[in-house]
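Have a look at the structure below, then the notes.
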Amino acid sequence: MDEQAGVPRHIAIVMDGNGRWASKRFLPRIAGHRQGVEALKRMVSACGARGVAVLTVFAFSSENWNRPADEVSGLMGILASALGKEVVKMKQEGVRIRFVGAREALAPQIKTALDQAEATTAQCNTLTLNVCFNYGGRWDIAQAAARLSAEGLAITETALTGHLALAHSPDPDLLIRTGGEFRLSNFLLWQAAYSELYFSPLLWPDFDEAALDAAIQEYASRERRFGRTSDQIARDASVPNP
Ligand code: FPP
């Protein structure tokens with residue numbers, strides 16, 4: 001799909017700040033994650049409406065297992081309940097859900113819920129929602145290299161790219177992190193090589209359509225050079241498309 005003027009084809013988001021959102025209200029952290037699901041639903045609709053083709057979100061990292069056990073089980077419960085409530089609506093909105101990450105480590109009922117959500121929405125083509133769950137950028141690069149090695153193939157950039165868990169999507173054009181932190185936290189380490197980075201001070205549950213539009217506007221004002229010079233970019237732009 002062609003990029004609509006100034007609209008990124010693929011947006012990736014580190015949805016940070018749920019815990020602080022809850023603490024500010026003297027609520028348990030899990031209440032922040034529940035509110036995070038509401039923000040995610042808003043973003044899915046908003047991205048679809050703006051012509052974004054792919055939205056990739058970081059829902060649970062390989063390192064999140066180190067959180068208190070009640071928060072980990074709470075996040076698993078939130079995922080199961082959100083899927084139970086939202087998959088049919090997502091299908092109606094044309095959203096294809098795909099889970100990206102190490103599935104073997106998940107409880108069987110969670111794995112089944114993920115498989116069912118993917119199967120139910122497999123034919124949808126308005127927006128692809130990649131939910132990174134039990135995902136880490138280093139895990140992904142290592143598993144891709146291990147598969148190449150097992151297949152007896154040479155490790156080249158192209159081959160590795162094709163074996164990553166997100167191989168079905170183009171690289172993200174715009175990577176947003178909410179919550180006022182300035183780091184990638186092991187998210188899309190390979191794919192973000194040329195992504196435009198945007199950091200928002202808003203806590204994820206407060207991130208709304210206006211905040212998304214501000215990020216897209218900032219993205220549209222950037223010059224993406226992919227290693228080339230500004231002069232080269234200007235020269236290419238002055239050549240009319242055939
Ligand atoms: C980071 O905020 C957020 C997470 C680790 C979980 C993100 C999950 C959601 C937005 C809910 C959607 C999830 C599913 C399962 C579909 P944090 O807890 O690190 O916040 P803090 O930095 O304020 O403590």
Side-chain angles (χ1 to χ4, degrees), residues 11-47 54-91 93 95-103 105-107 109-118 120-121 127-137 139 175-188 199-209 211-212 215:
I11 297 181
I13 310 184
V14 179
M15 309 180 288
D16 193 18
N18 295 344
R20 280 166 284 162
W21 184 94
S23 299
K24 275 169 62 175
R25 289 162 180 78
F26 305 102
L27 294 169
R29 292 177 56 83
I30 206 69
H33 295 313
R34 273 194 215 102
Q35 208 55 38
V37 173
E38 297 307 311
L40 177 54
K41 281 158 48 183
R42 270 200 314 267
M43 257 339 94
V44 170
S45 300
C47 284
V54 184
L55 174 64
T56 299
V57 295
F58 206 4
F60 191 86
S61 77
S62 315
E63 291 75 31
N64 284 153
W65 294 107
N66 297 323
R67 292 195 172 202
D70 62 337
E71 185 169 339
V72 171
S73 62
L75 278 164
M76 298 292 159
I78 284 176
L79 174 66
S81 129
L83 289 177
K85 286 191 224 151
E86 302 301 329
V87 168
V88 172
K89 283 186 229 162
M90 295 276 181
K91 184 178 178 181
E93 283 188 45
V95 178
R96 177 171 191 178
I97 306 176
R98 302 185 82 145
F99 290 92
V100 178
R103 242 176 254 208
L106 302 175
Q109 67 272 28
I110 297 283
K111 272 194 278 187
T112 304
L114 306 192
D115 292 343
Q116 282 174 351
E118 288 185 337
T120 305
T121 61
L127 173 84
T128 296
L129 172 64
N130 294 311
V131 179
C132 294
F133 202 87
N134 198 21
Y135 169 88
W139 162 82
L175 191 154
I176 298 171
R177 181 176 185 137
T178 63
E181 311 283 2
F182 303 96
R183 52 179 172 260
L184 286 180
S185 298
N186 202 14
F187 188 45
L188 304 182
F199 298 99
S200 167
L202 292 176
L203 303 176
W204 173 247
D206 294 327
F207 196 80
D208 58 9
E209 288 85 348
L212 175 68

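All heavy atoms count here, side chains included; hydrogens, waters and symmetry mates do not. Every number for a ligand or one of its atoms is a count from 1 in the order of the listing.
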task = Report yes or no: does Glu181 have a heavy atom closer than 4.0 Å to ligand 1?
result = no
query = Taking the side chain from Asn186 and the backbone from Gly137, do they hold a donor-acceptor pair closer than 3.5 Å?
reply = yes
ask   = Salt bridge between Arg177 and Asp16, side-chain N to carboxylate O under 4.0 Å?
value = yes
inquiry  = So for atom NZ, which belongs to Lys111, do other residues, nucleotides or ligands contribute more than 12 heavy atoms lying within a distance under 6.0 Å?
reply    = yes
message = Can you report which non-hydrogen protein atom sits closest to atom 16 (C) of ligand 1, along with the distance?
response = Leu79 CD1, 3.9 Å
key: Distance filter under 4.0 Å to Asp16 heavy atoms, resulting ligand 1 atoms   = 1 (C), 2 (O), 17 (P), 19 (O), 20 (O), 21 (P), 22 (O)
message = Strictly distance-based, threshold 3.5 Å: is any side-chain N or O of Arg25 a donor or acceptor partner for the main-chain N or O of Gly32?
response = no
request  = Quick one: which residue pairs count as a ring-ring contact (aromatic ring centres under 6.0 Å, His included) with a foot in residues 57-83, not counting sequence neighbours?
outcome  = Phe58-Tyr135, Phe58-Phe187, Phe60-Trp65, Phe60-Phe133
query = Just which atoms of ligand 1 are under 4.0 Å from any heavy atom in His33?
reply = 4 (C), 6 (C), 11 (C), 18 (O)
remark   = Looking only at heavy atoms, the pair that brings Asp70 and Ser73 closest together is O-OG, 3.3 Å
task = Number the atoms of ligand 1 from 1 as they appear, then name those within less than 4.0 Å of a heavy atom of Asn64, with their elements.
result = 5 (C)
request  = Search all heavy atoms of Met15 against all heavy atoms of Ala59 and return the closest pair with its distance.
outcome  = CE-CA, 3.9 Å
query = Can you find an N/O atom of Asn18 closer than 3.5 Å to an N/O atom of ligand 1?
reply = yes
ask   = Looking only at heavy atoms of Gly17, does any of them come nearer than 4.0 Å to an atom of ligand 1?
value = yes
task = If you have a sec, work out which protein heavy atom is nearest atom 3 (C) of ligand 1 and how many Å separate them, to one decimal?
result = Met15 O, 3.2 Å
task = Run the numbers for me: atoms of ligand 1, each under 4.0 Å from some heavy atom of Trp204, listed by number.
result = 10 (C)
message = I need the minimum non-hydrogen distance between Thr121 and Val95, along with the two atoms involved.
response = CB-O, 3.3 Å
task = Run the contact test for Ala59 against ligand 1 with a 4.0 Å cut-off on heavy atoms, strictly below, and give the result.
result = yes
message = Between ligand 1 and Trp21, is the shortest N or O to N or O distance under 3.5 Å?
response = no
request  = Determine yes or no for a side-chain-to-main-chain donor-acceptor pair under 3.5 angstrom, with Asp115 supplying the side chain and Thr112 the backbone.
outcome  = no
inquiry  = Can you tell me which portion of Arg67 lies within the under-4.0 Å heavy-atom range of ligand 1? Options are side chain, backbone, both, or neither.
reply    = side chain
Numbered atoms and elements of ligand 1 in range of Val37, under 4.0 angstrom, heavy atoms = 11 (C), 12 (C)
request  = Provide, to 0.1 Å, the distance between atom 20 (O) of ligand 1 and the closest protein heavy atom, together with that atom's residue and name.
outcome  = Gly19 N, 3.1 Å
task = Provide the closest heavy-atom pair for Leu127 versus Cys47 in the form atom of the first, atom of the second, distance.
result = CD1-CB, 4.3 Å
request  = Give yes or no for whether the N/O distance cutoff of 3.5 Å, strictly under, is met between Arg29 and ligand 1.
outcome  = yes
